[in-house]
Amino acid sequence: MSPPGGLYVHLPFCPYICPYCDFAKWPLARSRAARYLGALGFEIARAPQFSAGTLFLGGGTPNTLEPGQLTQVIENVRVRFAPAGFSEATIELNPDLELCSPEAFAAYRAAGIDRVSFGVQSFVAEELATLGRRHTAQDVGEAVRRARAAGLRNVSLDLIFGAPGQTADSWRRSLAGALALEPDHVSTYGLTIEDGTPFATWYARSPGDFLSTDTEAQLYGIAIDVLTAAGFEHYEISNFARPGKRCAHNANYWANGDYLGLGVGAASYLGGVRSVHVRDLEAYCGAAESGGPIPGDDERLEGPARLGEAAMLALRTAEGVDVAAFAERYRVDFHLFYKPVIAEMQALGTLDVTPARIRLTRRGRFVANDVCGAFVTFAG
Ligand code: SF4
């Protein structure tokens, strides 16, 4: 029997749409949400057998749903996939106070949620406006206070760097704003310009409004320095945790563990097959309601492609590739198989190589996509 994996449930509704966002999301409409939750219920009932250790409710904005709707989803997946309960159950939250009532937090806690991840993005008013976010820095403080008062003590904050107009100084203010709330975990994501978003249109019109790659790298370096100095472990490229507070759900992704994704646009990785559901709400609901398969794509990762994926995921983490564990799981001598790419990356100063482990150096973390990509394309 395989070890418990991660269960992801996508809740795609938002109170408003942010101009940089490329997730599968739609503006909240009550009737649409009710239909979606019905379709999700059908999918939960018919999903393959799966033993879940962790739960992650993502979106979208899960807390734009009624607390009763959310707790019903949690109960349905617990009964079906984790009868003895989840070892970690996270919900993503928008810190807008209208969506963060004490009653809602109490309901999440009673339903088994034990970790909350707030999409803060910035503590600087001008940057929040640029990013199209409607909450304030004060809202975040009050939302965190309410969560803790309801017993939701494991708190993560998400921040974005690279917003137009951001400076090293304003980024330091956001990091200080986050640290002042004493979170257990902080994620910092570089802004990416996604095709088809209003930010892509803005970028096409006026690229000079956006930060250069060098400035973004500088901001990332500031995040590493500030957060590690405050006692956080930089345990994955974008993630920092107090000791013992790493996100177990995401750690399973990076360990190339199995996960089951439910809902529109959700991705799964089960028994070496990677699959993703269609990102079309109507197509998802129609298929789930009719009892047919959910449309989407799937791909069996075999041979070198599977190795490349595993290497790429492991390199994202602070521990990097454990050479002995890699040999045992994939029957491959990592040093031998990747000899040319290891040599090339080492010469560029991006890899720290020992007989037992291969890790990104600090320099490597700044160009992690290129380094990880080199392992994927070499193997593929
Ligand atoms: S960034 Fe979050 S809140 Fe904004 S549109 Fe995307 S999913 Fe919704």
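Whatever order the structure lists ligands and atoms in, that order sets their numbers, starting from 1.
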### Message
Contact between Val323 and His335 at the side-chain level, heavy atoms closer than 4.5 Å - yes or no?
### Response
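Answer yes - side chains close enough.
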Among protein heavy atoms, which sits nearest to [atom], and what does the distance come to when rounded to 0.1 Å?
atom: atom 6 (Fe) of ligand 1; value: Cys21 SG, 2.3 Å
atom: atom 3 (S) of ligand 1; value: Thr61 OG1, 3.4 Å
atom: atom 5 (S) of ligand 1; value: Cys18 N, 3.3 Å
atom: atom 2 (Fe) of ligand 1; value: Arg133 NH1, 3.9 Å

### Message
I'd like to check which ligand 1 atoms, numbered from 1 as shown, lie under 4.0 Å from a non-hydrogen atom of Gly60.
### Response
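This gives 7 (S) as the contact atoms.
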### Message
Centroid separation under 6.0 Å, is that true for the rings of Tyr284 and Tyr36?
### Response
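Yes, the ring centres sit under 6.0 Å apart.
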### Message
Can you tell me how far apart CZ (Arg246) and OG (Ser156) are? Round to the nearest 0.5 Å.
### Response
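The OG atom of Ser156 is 14.0 Å from CZ of Arg246, to the nearest 0.5 Å.
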### Query
For atom 8 (Fe) of ligand 1, does an N/O/S atom of Cys14 lie at less than 2.8 Å?
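Cys14 does place an N, O or S atom closer than 2.8 Å to atom 8 (Fe) of ligand 1.
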### Query
Just one of Trp254, Tyr253, Phe56 clears the ring pair (Phe, Tyr, Trp, His ring centres under 6.0 Å) bar with Tyr259, so which one?
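For Tyr259, the ring pair (Phe, Tyr, Trp, His ring centres under 6.0 Å) test succeeds with only one of Trp254, Tyr253, Phe56, which is Tyr253.
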### Task
Kindly work out whether a path of hydrophobic side-chain contacts (I/L/V/M/F/W/Y, heavy atoms less than 4.5 Å apart) joins Tyr203 to Leu131.
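Both belong to a single hydrophobic cluster.
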